[in-house]
Amino acid sequence: MDTYEKIIGLAKRRGFLWNSFELYGGTAGFYDYGPLGAMLKRRIEDIWREMYVIEEGFYEIETPTIGIEPIFVASGHTRGFSDPMVVCCGCDSAFRADHLIDGIVETPDALPAPEIKRLIDEHGIKCPQCGKTGTFGEVSSFNLMFRTAIGPGTERVGYLRPETAQGMFINFEHLFRFYREKLPFGVTQIGKSYRNEISPRQGVIRLREFTQAEAEIFINPRDKTHPKFSAVGDTILRLYPASQQEGGSGAGVVGGTGGADGGITEIAVRDAVNQGIIAHEFIAYHLVLTNLFLERVGIDPARLRFRQHQPDEMAHYAIDCWDAEVLTDRFGWVELVGIADRTDYDLTSHTTHSKHDLSVVLEYDTPEQVERIVVTPDMGVIGPRYKEKAGKVLAALKNLKEEDFSGDEIKVEVDCETIAIPRDLVEYKTIIEEVRGEKIVPHVIEPSFGIDRVIYAALEHSFAEEIVDCETRTVLRLPAEIAPVQVAVLPLLTRDELIEPALKIVQMCRRSGIFVSYDDGGTIGRRYRRNDEIGTPFSVTIDYDTLDDDTVTVRNRDSMAQIRVPVTKLVETIHEMLRDPTKFIIQSAQ
RNA sequence: GCGGCUGUAGUUUAGCGGUAUGACAUGAGCUUCCCAAGCUUGUAACCCGGGUUCGAAUCCCGGCAGCCGCACCA
């Protein structure tokens with residue numbers, strides 16, 4: 001049994017993750033979060049919110065999970081997200097149709113389906129599987145987006161969003177106003193996205209419905225420094241730069257090249273930026289932030305790396321792109337987060353398709369004085385004289401430079417013909433103009449988190465089996481702040497005189513916002529083990545001493561050590577220890 | 001989507017043509033003064049549909065799901 005099986009088994013048994021629709025046989029690519037899973041997920045999302053929304057100040061928005069077709073035409077998902085497929089009738093194998101005609105035309109992926117089919121037939125392409133010719137059926141396209149119809153009757157096409165990002169891009173104008181027209185600013189969204197994967201088979205690693213936490217940070221393309229970079233520049237990251245990766249496009253979503261440590265460089269981000277490994281400070285800052293988040297939710301730093309996309313792997317518009325990857329037992333390196341500089345691609349594309357200008361005026365600190373020539377031709381004369389050419393003459397005159405006005409005549413070229421215009425018909429003067437700013441399309445830095453994968457990785461990296469008194473103890477060493485159950489309250493024995501005070505302590509904890517579970521089944525040892533397995537960081541045990549001196553035992557999940565705490569100080573102590581579990585170690589040493 | 005392998009309580013497992021065995025887990029009770037102890041007792045399963053047969057968990061066919069390869073993975 002490998003670790004993956006153990007984790008999924010534990011998750012299923014204890015109510016973290018269940019395969020969806022199991023009552024009706026189940027369907028690949030969908031998972032339910034059970035009681036503990038949903039709690040874990042919410043705590044992880046809340047940490048993300050704390051770091052991105054509160055600390056970075058990137059407000060969170062919420063947009064529909066269904067999008068209308070034009071959005072995905074603009075984003076490229078209706079084209080780029082669909083693959084032409086063709087099936088060989090001889091052996092029933094399916095192939096990417098455009099790959100079959102690679103080398104015959106320059107850009108096979110840009111052709112419409114019937115054209116690809118025609119080329120396959122015309123060139124007598126053999127089936128790579130069975131070697132026969134002329135056995136291919138029609139070329140059909142498989143789009144990874146779920147398609148649906150909006151409204152009754154003549155339906156309007158809608159798609160379940162394949163990423164949350166577009167909802168933020170298309171609100172750019174509102175957001176820019178909201179942020180009082182200043183760059184940079186960021187916006188976030190946590191929500192479901194949908195991709196109709198052909199064969200999702202890696203549990204929660206590849207889902208058809210999944211949760212993304214994305215931030216879109218709109219920045220000035222001329223200035224990709226980060227105001228807080230100096231504070232994080234010394235951070236050491238484990239980088240796996242493109243230059244270190246061998247063999248073509250490197251890793252896919254799952255798997256990946258390189259051994260556990262192959263090609264990984266531990267380097268301060270400041271040096272990585274200075275050496276040109278990371279494109280600029282803004283990306284580097286977000287690598288650091290991602291690193292902080294992942295470590296905080298329990299990812300083992302030794303099994304974490306940042307892998308840079310190779311040039312041929314990166315979307316054509318992106319400048320630099322890094323994936324935070326974790327090492328898993330079964331799947332090798334798995335991508336959890338992508339951090340990309342998407343440049344102005346998204347806003348420019350939405351500008352073109354929506355016909356709304358999404359550029360912004362960036363005001364200079366001090367307005368610039370610019371010298372400019374203003375040409376004012378006497379159109380009352382020029383118009384009748386040149387008739388249909390008058391418009392072009394006007395345009396040509398406006399483009400002239402100062403030295404062109406020196407002679408008695410002004411020569412302009414219109415339709416390959418030189419026309420001389422008397423000097424006195426054209427007035428020109430030099431003015432000093434104040435330019436307050438310039439129009440730019442902001443660039444976008446996008447950290448995009450796959451929350452479900454983060455959850456799986458946190459489970460796997462915190463999973464431990466250790467031998468205690470010849471028995472295997474299974475323990476999830478989840479960070480205290482993401483553990484679903486924070487405290488277990490346990491009477492030492494199942495006796496009324498202990499149950500009663502225990503229930504009072506449960507009430508006390510709940511009123512102060514601590515999530516507790518109460519358990520009086522079986523023996524105390526069994527209950528400790530049960531709580532270890534779901535990662536409950538602390539247990540409070542009520543025994544006969546409690547009745548005498550009003551103190552209880554607090555037990556720590558990881559060390560199994562215990563301290564005694566007066567009931568009056570219990571809530572305060574627990575809050576402190578949840579915030580900083582080392583408090584327990586300090587107290588237990590006393 | 002293709003090929004191979006596999007589907008028995010929550011988990012794991014026995015049964016390989018005569019209506020399902022055990023373990024762990026779990027509920028109730030007893031016992032128990034700190035790490036999965038013990039005793040009593042309860043709940044709980046043949047993936048779905050068709051066929052062959054007097055009779056199918058078992059044999060055959062189809063579907064669904066899982067795993068492993070191939071392909072795919074903005």
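Sequence lines set the chain letters: A, B, ... in the order given, protein chains first and strands last, and positions in each chain run from 1.
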J.: Counting N and O atoms only, with roles assigned by atom type, does the side chain of A:Thr148 sit under 3.5 Å from a partner on the main chain of A:Gly158, one being a donor and the other an acceptor?
T.: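 Side chain of A:Thr148 to backbone of A:Gly158, a donor-acceptor pair under 3.5 Å: no, none is there.
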J.: Quick check: on RNA chain B, is the nucleotide nearest A:Gly521 upstream (toward 5') of the one nearest A:Arg13, or the reverse? Name the residue that is more 5'.
T.: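 Comparing both residues, the 5'-ward one is A:Arg13.
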J.: Could you check how far CD1 of A:Ile534 sits from C1' of B:A25, rounded to whole Å?
T.: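 Roughly 15 Å, once rounded to whole Å.
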J.: With a 4.0 Å limit, can you tell me whether A:Lys12 has a side-chain N or O closer than that to the phosphate oxygens OP1/OP2 of B:G10?
T.: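 Looking at the OP1 and OP2 atoms of B:G10, neither is under 4.0 Å from any side-chain N or O of A:Lys12.
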J.: Both distances below 3.5 Å, Watson-Crick or wobble geometry, any strand: find the nucleotide opposite B:G17.
T.: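 None - no nucleotide pairs with B:G17, as no candidate has both distances under 3.5 Å.
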J.: For atom CD of A:Glu62, decide whether the heavy atoms of other residues, nucleotides or ligands shown that lie under 6.0 angstrom number more than 12.
T.: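 12 or below, so no.
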J.: How far does the P atom of B:A9 sit from the matching atom of B:C46, given to the nearest Å?
T.: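 About 8 Å, rounded to a whole number of Å.
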J.: Looking at B:C59, which nucleotide sits across from it as a Watson-Crick or G-U wobble partner, both distances under 3.5 angstrom, or is there none?
T.: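 Check on B:C59: paired to B:G51, both distances under 3.5 Å.
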J.: Quick check on A:Glu497: does its CD atom have over 12 non-hydrogen neighbours (other residues, nucleotides or ligands) under 6.0 Å away?
T.: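 Yes, the 6.0 Å shell around CD holds more than 12 heavy atoms from other groups.
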J.: How close or far is atom C1' of B:U11 from atom CD of A:Glu22, stated in whole angstroms?
T.: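 That distance rounds to 13 Å.
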J.: Summarise protein proximity over nucleotides 34-41 of chain B in one line of letters, 5' to 3': B for base, S for sugar-phosphate only, - for none, counting protein heavy atoms closer than 4.0 Å.
T.: BBBB----
J.: Using both distances under 3.5 Å as the test, list the Watson-Crick or G-U wobble partner of B:C2, or none.
T.: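 Paired with B:G69.
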J.: Across all strands, who's sitting opposite B:C64 as a Watson-Crick or G-U wobble pair, both distances under 3.5 Å?
T.: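 Check on B:C64: paired to B:G7, both distances under 3.5 Å.
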J.: Just wondering, are more than 12 heavy atoms of other shown residues or ligands nearer than 6.0 Å to NZ in A:Lys192?
T.: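 Counting neighbours around NZ of A:Lys192, more than 12 heavy atoms of other residues, nucleotides or ligands fall under 6.0 Å, so yes.
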J.: Could you check whether A:Arg305 makes a cation-pi contact with A:Trp333, meaning its NZ or CZ is under 6.0 Å from the centre of the six-membered ring and within 45° of the ring axis?
T.: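 Geometry flag: set, cation within 6.0 Å and 45°.
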J.: Can you measure A:Glu5 atom CD to B:U12 atom C1' for me and round it to whole angstrom units?
T.: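 Taking atom C1' of B:U12 as the reference, CD of A:Glu5 is at 12 Å.
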J.: Please report the shortest heavy-atom distance between A:Gln308 and A:Pro241, naming the atom on each side.
T.: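 In this case the closest contact between A:Gln308 and A:Pro241 is OE1-CA, 3.6 Å.
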J.: Check the angle between the aromatic planes of A:Phe331 and A:Tyr4 and answer parallel, tilted or perpendicular using the 30° and 60° thresholds.
T.: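 Perpendicular: the ring planes of A:Phe331 and A:Tyr4 meet at over 60°.
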J.: Need the pair for B:G29. Rule: Watson-Crick or G-U wobble, both distances under 3.5 Å, any strand; none if unpaired.
T.: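 For B:G29, the partner nucleotide comes out as B:C39, under the 3.5 Å rule.
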J.: If we take the P atom in both B:C60 and B:G17, what is their distance in whole Å?
T.: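 It comes out at 12 Å once rounded to the nearest Å.
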J.: Answer yes or no: are there more than 12 heavy-atom neighbours, outside A:Asp469 itself, under 6.0 Å from its atom CG?
T.: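 Result for CG/A:Asp469: open.
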J.: If I take atom OG from residue A:Ser354 and atom CG from residue A:Leu347, how far apart are they, to the nearest 0.5 angstrom?
T.: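 Going from OG on A:Ser354 over to CG on A:Leu347, the span is 10.0 Å.
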J.: Send over the distance from A:Leu490 CG to B:U32 C1', rounded to a whole Å.
T.: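 Spelled out: CG on A:Leu490 to C1' on B:U32 is 15 Å.
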J.: For A:Glu497 and B:U32, give me the distance from atom CD to atom P, rounded to whole Å.
T.: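 Distance, rounded to whole Å: 12 Å.
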J.: Treating primed atoms plus P, OP1 and OP2 as sugar-phosphate and everything else as base, which nucleotides of nucleotides 63-68 of chain B get B, S or - for protein heavy atoms under 4.0 Å?
T.: -SSSSB
J.: Would you kindly give the NE2-to-P distance between A:His77 and B:C73, to the nearest whole Å?
T.: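 Taking atom P of B:C73 as the reference, NE2 of A:His77 is at 13 Å.
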